[in-house]
Amino acid sequence: MKSMDNGGLVFDGGGLNVTEGAKRAAGALIGNLRAYESSRLSNVIEEAHHTAGDYTAVNAIMRARNVDVFYGDNHAIKSVNLDVGANEVISLIGPSGCGKSTFIRCLNRMNDTIESARVEGEIVLDGENIYSREADVVLLRARVGMVFQKPNPFPKSVYDNVAYGPRIHGLAPDRQALDQIVQSSLERAGLWAEVKDRLHYPGTGLSGGQQQRLCIARAIAVGPEVILMDEPCSALDPIATAHIEDLIDELKKNFAIVIVTHSMQQARRVSQRTAYFHLGRLIEVGATSQVFSEPRRKLTEDYITGRFG
Amino acid sequence: MPPYTALIILLALTVLGYWLGRRRPAAFGRKYHSLPGYYGSYVAIWCVFPALALYCLWQLVEPGFIRSQVLATLPAELLELPEAELGLIYNDIRNLVEGNIVSGAPGEEIIAAASRYTALQRMSNLGIALAVLVAGLASSGWALRRVKPTLRARNKVERTLRMLLMAASTVAIFTTIGIFLSVLFEAIQFFQLVSPLEFLFGLSWSPQTAIRPDQVGSSGAFGAVPLFTGTLLISGLALLVAVPVGLLSAIYLSEYANARIRAIAKPMLEVLAGIPTVVYGYFAALTVGPLLRQFGEAFGLGVSSESALGAGLVMGIMIIPFVSSLSDDVINAVPQDLRDGSLALGATQSETIRQVLIPAALPGIVGGILLAASRAIGETMIVVMAAGLAANLTANPLEAVTTVTVQMVTLLIGDQEFDSAKTLAAFALGLLLFVTTLALNVVALRVVRRYREQYE
């Protein structure tokens, strides 16, 4: 029996110990893979220390600088710089576990609800660091709204769902004003025509796509400047998804939108800028057309061409 | 041969039936519908149920049959006696057989009857053992013959299991009905002695019946109103303590406390429910009562040392875990999504709890409160020790009051004849309490259905 070390192939001479040969071959194969992986990784890490492309935006409304996030000992986000521009849709893409959802949750400090999470660096909204000691989380979340992966309407009526934010922030002085806010929010979320006759039925009785638009209306009702969307269409069928995508296009006239998505087609369709995350680092950011047609980094190219992820 | 021989035989037959049924498919070696174990169970089921039914039927019929046979041996003049005295004689016979104390020296005919009784008993035991053996063999033999590759034993066993589960779930229902009926019949007897109107609306409670006609205060008064106001007062006080404290501690534990505090505090709270109520009783009587009296004196208030307040407060502490533990569980069960949704709109934590979590968890919370309330209404020991026995009609928590359950106990302890209004009153009170708590539950369920906010 002889085994070729570099190729990992086994020639089995008759009567010799087969399993031993197979073991040695497997060992050699794993060794080769490890070497390949580590050389590739070190390249990647070196390459990724700075982000390719321009992470600033012309008309920035939020600026994240040197943001690191830790979950206990796990370093989930590694010194990310990124601007969110007014009236634009920026999509965050990348394989699962790359930190895009973690990053988006930093922008309205939803990570505060996770006990072990720690955020370093600064994120500036309107000249103020939202992580400074004086920052008011409650007001921040009113200015930076959020839509979640799974539609999560409250088990209240459609009306009360939308009126929830305005009520707790005291945005409507009287019933008429509140009615007005509810109607306009539902109109802007493209849901008014469908629910205007059932405002007082439970929001949980709507279809999945309607529920998600209800959640968008609920976020709009507070009058935010930025809307964060964490894979808003991943629980919806294609028709409801198309609905939401049209809506996003419409909403960018008034809001800055940050959307996390697993669908590259969606990123291409709805966003003006695209940011690619990998293993907690922001690898590349640029105009969506540029990122998808001529990516600057090998990793980005591998991902968008579907080689992994 | 003891009477349970039949059951032992049946058990052996069942095991044998299972074994034979299990082996049967292997003997053919063809493709069977179900796994061998199911054929075993199928045969075992057929072995056990018909024979068991026969056994139960026999046990029902046997005592009456033996009695009639034994009494038939007695001389005719004894049989002329009234039913009650005949019963006494029959008891004597049985006592003689079982070696208990017999009244007086047994006569000739009693001894003869006793030996007849023993013989009959022995015959009956032998008979049932044989009957069970035959029935078990016959039915399992029949079932064994039916075992074929096409027999769907798996589905049949499934159906038997479902019926078994159904039977188990009806046990509680029939017990409730049984309790209700037993209370109802006694209460009807009471209402033949005392008018229901007096009982329901009478304002004075003094359940004395005269032994001699010239006795003072022999009239007796059976107005239940003071008892119900007492129960209401004490339970109300208890809930006034338990609901806020329990709910707030549940909110703290589920929403604010970190895992370490929760792991310590929750079991400690639940310990409260495990303390015997007698211990709560003397805590209320020896510590809380006197404390309240001293406290009252400082403000110039006359607090009796046995007061509704003391009993209510301590009872409130006792039922805190019912409210807190259940509420904690249901608040925890509200999906994290809803919390996130509310927080992301800029609601504070307490706004989220008030407007999203509590409405969503309402049914469970009300369930916990109801459970606590029924504990409070049914509680006896604390009230006996700390609130006294005086049936005062008052809304003042500083006075001594008594409750329905306490009166039921005092009516039934000691030597009592069971046909006087005094003892029968206990059953009427029980019936009324039963109806009240039932009504309370129904109303609460209605309220919850109206206001709940159902998630998912």
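Chain A is the first sequence line, chain B the second, and so forth, proteins listed ahead of strands; every chain is numbered from 1. All values below come from the heavy atoms of this structure, side chains included, with hydrogens, waters and symmetry mates left out. This one's a predicted model, so the numbers in the text were calculated from it and none came from an experiment.
- Only the backbone of A/Val144 comes within less than 4.5 Å of a heavy atom of chain B; no side-chain atom from C-beta onward does.
- Neither the backbone nor the side chain of B/Gln336 comes within less than 4.5 Å of any heavy atom of chain A.
- Residues that satisfy the ring pair (Phe, Tyr, Trp, His ring centres under 6.0 Å) test with B/Phe180, not counting sequence neighbours, are B/Phe434.
- Contact annotation for A/Pro224: neither backbone nor side-chain heavy atoms come within less than 4.5 Å of a heavy atom of chain B.
- With chain A as the partner, the residue from B/Thr348, B/Leu343, B/Asn258 showing the most heavy-atom pairs under 4.5 Å is B/Leu343.
- Here the closest heavy-atom approach between residue B/Leu253 and residue B/Leu269 is recorded as CD1-CD1, 4.0 Å.
- In this model, a donor atom of one side chain and an acceptor atom of the other lie less than 3.5 Å apart for A/Gln183 and A/Glu187.
- Residue A/Arg218 touches chain B through both its backbone and its side chain, counting heavy-atom pairs closer than 4.5 Å.
- Contact detail for B/Val323 and B/Leu247: the closest heavy-atom pair is CG1-N, 3.9 Å.
- Of all heavy-atom pairs spanning A/Ser101 and A/Glu231, the tightest one is OG-OE2, 4.4 Å.
- For B/Arg339 (side chain) and B/Val334 (main-chain N/O), a donor-acceptor pair under 3.5 Å exists by modelled atom type.
- Residue A/Phe154 touches chain B through both its backbone and its side chain, counting heavy-atom pairs closer than 4.5 Å.
- Each of B/Pro359, B/Ala259, B/Ser342 has some count of heavy-atom pairs under 4.5 Å with chain A, and the biggest count is that of B/Ser342.
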